Number of protein chains: 2
Amino acid sequence: MITLTGGKLKLVEAALRLCTKSRSLTSLSLREVAREAGLNPNTFYRHFRNLDDFGLVVLGHLAGEMKQAVRELRQSAQTHDQAAHDTVRWVFGYFQENPAATTVAVRELNGPSSVLRRALENQLEASAREMAEDIIERDLVPGLDTATIHEISQMTIRYILFRALEYVEKPEQRERIQGETERFINRQFRGALVESTPLETLASGVPNESR
Amino acid sequence: MITLTGGKLKLVEAALRLCTKSRSLTSLSLREVAREAGLNPNTFYRHFRNLDDFGLVVLGHLAGEMKQAVRELRQSAQTHDQAAHDTVRWVFGYFQENPAATTVAVRELNGPSSVLRRALENQLEASAREMAEDIIERDLVPGLDTATIHEISQMTIRYILFRALEYVEKPEQRERIQGETERFINRQFRGALVESTPLETLASGVPNESR
DNA sequence: TTGAAAAGTATACACACGTCTACTTAAAGC
DNA sequence: GCTTTAAGTAGACGTGTGTATACTTTTCAA
């Protein structure tokens with residue numbers, strides 16, 4: 001991660017500030033950002049070639065921050081249930097403390113700039129891979145093949161991000177969102193373990209005897 | 001649903017056309033839309049008070065279309081697995097045939113305009129409710145309480161929409177996305193049925209192969 | 001048939017934008 | 001200390017924008 005300084009940093013931070021106030025990174029104007037940063041519009045050109053370039057730098061800045069944060073997470077509990085609970089709690093806590101980063105990420109993931117979208121997708125995939133490897137290494141979900149763990153990890157990352165905006169914006173619903181997300185994860189893994197068991201068998205209360 | 005005619009319809013359709021080409025509804029300009037529609041910019045004011053008003057009408061238009069489409073879906077197979085498969089296939093087919101509507105919906109769901117976001121959320125919730133009631137009425141997932149069915153329905157609707165853009169934009173990955181979505185749904189419902197069973201018990205049940 | 005309402009157009013204004021060129025100030029290397 | 005380079009500023013350009021006023025055409029019911 002390249003640490004930003006001076007005017008460059010000022011501009012990036014200004015953009016994040018603007019994004020938090022219900023704007024989308026892609027829709028920011030050069031002059032708007034410069035104004036917010038307290039700089040002359042032309043200073044922008046001293047640091048960035050154009051707005052797409054700028055967007056990538058902003059995303060890179062966020063990615064660096066987030067990666068470091070995720071690395072710190074690499075401890076926590078033993079069982080899967082505990083891990084899911086702690087991780088979800090932790091991730092949402094991170095969202096809460098970094099509303100700008102969260103908002104930007106969610107918006108641009110589906111935003112109109114394909115360059116930014118690609119960049120974000122790659123980051124998410126990397127996070128998902130990290131999560132999956134962690135689960136495998138620590139054998140948190142025994143009996144599940146690695147491919148499925150990877151798939152579910154990716155879905156989970158996506159789902160969490162998808163709910164991040166709601167979480168940030170609606171403080172009174174945070175408990176609910178957190179609970180739903182935990183249940184989501186648990187159901188995914190549990191469901192995968194009994195994927196080939198007929199629904200009726202599961203419904204009749206005998207979870208592991210099948211056929 | 002109010003059927004649009006004449007210039008009003010032309011403007012809405014123009015906006016959807018523009019949105020498909022990597023634009024976001026919120027970022028459209030009045031003149032841009034009018035130009036695309038082949039009308040004078042001021043004609044816009046004959047039909048809409050401002051751009052927010054316009055956005056709501058566009059969303060309403062889409063909602064009407066979609067609702068009718070969903071109603072047509074209200075038949076399909078008996079078992080849950082079959083229903084999930086058919087429904088997913090059908091919904092994604094709808095996305096494919098209506099890329100503009102899909103793109104707009106996904107973008108604005110996380111977009112910067114809170115007015116549009118609210119409107120979309122309400123629509124999604126309505127769809128989720130409809131889906132849940134359908135599952136309950138036809139007893140597709142026996143042994144699951146209605147609250148959980150509602151919760152999973154909502155998650156499913158969200159998840160599907162979240163993947164819609166990817167589906168529309170990457171034709172070569174459609175099979176994969178569809179498969180993942182089906183597995184997602186199955187795991188959710190199956191997982192919910194064995195929610196209180198310890199992971200180890202499920203893992204030792206051996207309905208599928210492990211390691 | 002006529003006349004009012006709706007739909008569409010023409011022109012114009014002030015403003016914000018991205019970008020260009022030219023100038024000034026601050027940092028850094030020798 | 002001097003010079004080269006980076007960072008920041010000033011002013012100006014053409015263009016696109018939202019919107020206001022005034023005008024023309026179309027629609028359609030009395």
Side-chain angles (χ1 to χ4, degrees), chain A residues 1-61 104 107-108 111-116, chain B residues 1-61 104 107-108 111-116:
Chain A
M1 176 196 180
I2 304 142
T3 317
L4 304 175
T5 56
K8 206 161 182 168
L9 180 63
K10 270 187 190 170
L11 286 167
V12 170
E13 282 174 345
L16 291 180
R17 233 174 296 134
L18 286 171
C19 281
T20 325
K21 316 263 169 204
S22 74
R23 310 272 294 116
S24 150
L25 183 57
T26 329
S27 74
L28 286 183
S29 84
L30 184 158
R31 292 179 111 105
E32 200 178 0
V33 175
R35 206 182 307 124
E36 172 75 23
L39 292 173
N40 189 283
N42 292 304
T43 306
F44 190 93
Y45 286 108
R46 300 290 169 201
H47 301 290
F48 310 101
R49 204 154 349 105
N50 51 47
L51 281 169
D52 253 356
D53 182 30
F54 177 62
L56 284 176
V57 172
V58 173
L59 248 52
H61 184 65
V104 171
R107 293 252 160 87
E108 301 313 322
S113 160
S114 60
V115 181
L116 296 188
Chain B
M1 176 196 179
I2 304 140
T3 316
L4 304 175
T5 55
K8 206 161 181 168
L9 180 62
K10 269 187 191 170
L11 287 167
V12 170
E13 283 174 343
L16 292 180
R17 233 174 297 135
L18 286 171
C19 281
T20 324
K21 315 262 169 206
S22 75
R23 309 271 296 114
S24 150
L25 182 57
T26 329
S27 74
L28 286 183
S29 84
L30 183 157
R31 292 180 111 105
E32 200 178 359
V33 175
R35 206 182 308 125
E36 172 75 24
L39 292 173
N40 188 283
N42 291 305
T43 307
F44 189 94
Y45 286 107
R46 300 291 169 202
H47 300 291
F48 311 101
R49 202 154 351 105
N50 51 46
L51 281 169
D52 252 356
D53 181 29
F54 178 62
L56 283 176
V57 172
V58 172
L59 247 52
H61 184 66
V104 171
R107 294 253 160 86
E108 302 313 322
S113 159
S114 60
V115 180
L116 296 189

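Order of the sequence lines fixes the chain letters, A, B, ..., with proteins taken first and strands second; residue numbering starts at 1 for each chain. Quick caveat, the model's predicted, so the values are computed rather than measured.
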> Listed by chain and number, what are the side chain to side chain donor-acceptor pair (under 3.5 Å) partners of B:D53, not counting sequence neighbours?
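B:D53: no side chain to side chain donor-acceptor pair (under 3.5 Å) contacts found.
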> Should B:Y45 be listed as having a side-chain N or O under 4.0 Å from OP1 or OP2 of D:dA20?
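Checking B:Y45 against D:dA20: no side-chain N or O falls below 4.0 Å of OP1 or OP2.
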> Rounded to the nearest Å, what distance is computed from the CG atom of residue A:L9 to the P atom of nucleotide D:dA7?
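To the nearest whole Å, that distance equals 13 Å.
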> Rounding to a whole Å, what distance do you find between B:R49:CZ and D:dA20:C1'?
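It works out to 17 Å between those atoms.
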> Using whole Å, report how far CZ of B:F54 lies from P of D:dT17.
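Value for this atom pair: 14 Å.
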> Does the side chain of B:D52 come under 3.5 Å of the side chain of B:N50 through a donor N or O and an acceptor N or O?
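Short answer, no.
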> Whole-Å distance between D:dG18 P and B:F44 CZ?
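That distance rounds to 8 Å.
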> Are side-chain heavy atoms of A:F48 and A:K8 found at a separation under 4.5 Å?
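The answer is yes; the side chains approach within 4.5 Å.
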> With hydrogens left out and only the distance checked, is there a donor-acceptor pair under 3.5 Å joining A:N42's side chain and the base of D:dG11?
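Donor-acceptor pair under 3.5 Å: yes.
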> It should be established whether B:H47 places a side-chain nitrogen or oxygen under 4.0 Å from OP1 or OP2 of nucleotide C:dA6.
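B:H47 to C:dA6 OP1/OP2: no side-chain N or O under 4.0 Å.
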> Find the distance A:F48:CZ to D:dA6:C1' and express it as a whole number of Å.
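Interatomic distance, CZ of A:F48 to C1' of D:dA6: 15 Å.
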> How close or far is atom C1' of C:dA16 from atom CG of A:L51, stated in whole angstroms?
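Going from CG in A:L51 over to C1' in C:dA16 covers 14 Å.
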> For DNA chain C, what residues of residues 29-40 of chain B have any heavy atom nearer than 4.0 Å?
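Under 4.0 Å from DNA chain C: B:R31, B:L39, B:N40.
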> Go through the structure and list residues passing side chain to side chain donor-acceptor pair (under 3.5 Å) with A:E13, not counting sequence neighbours.
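For A:E13 there are no side chain to side chain donor-acceptor pair (under 3.5 Å) partners, ignoring immediate neighbours.
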> Which distance, rounded to the nearest 0.5 Å, do you find between the CD of A:E108 and the SG of A:C19?
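Rounded to the nearest 0.5 Å, the CD-SG separation comes out at 6.5 Å.
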> Nearest 0.5 Å please: distance from the NE2 atom of A:H61 over to the CG atom of A:L9.
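A:H61 NE2 to A:L9 CG: 6.0 Å, rounded to 0.5 Å.
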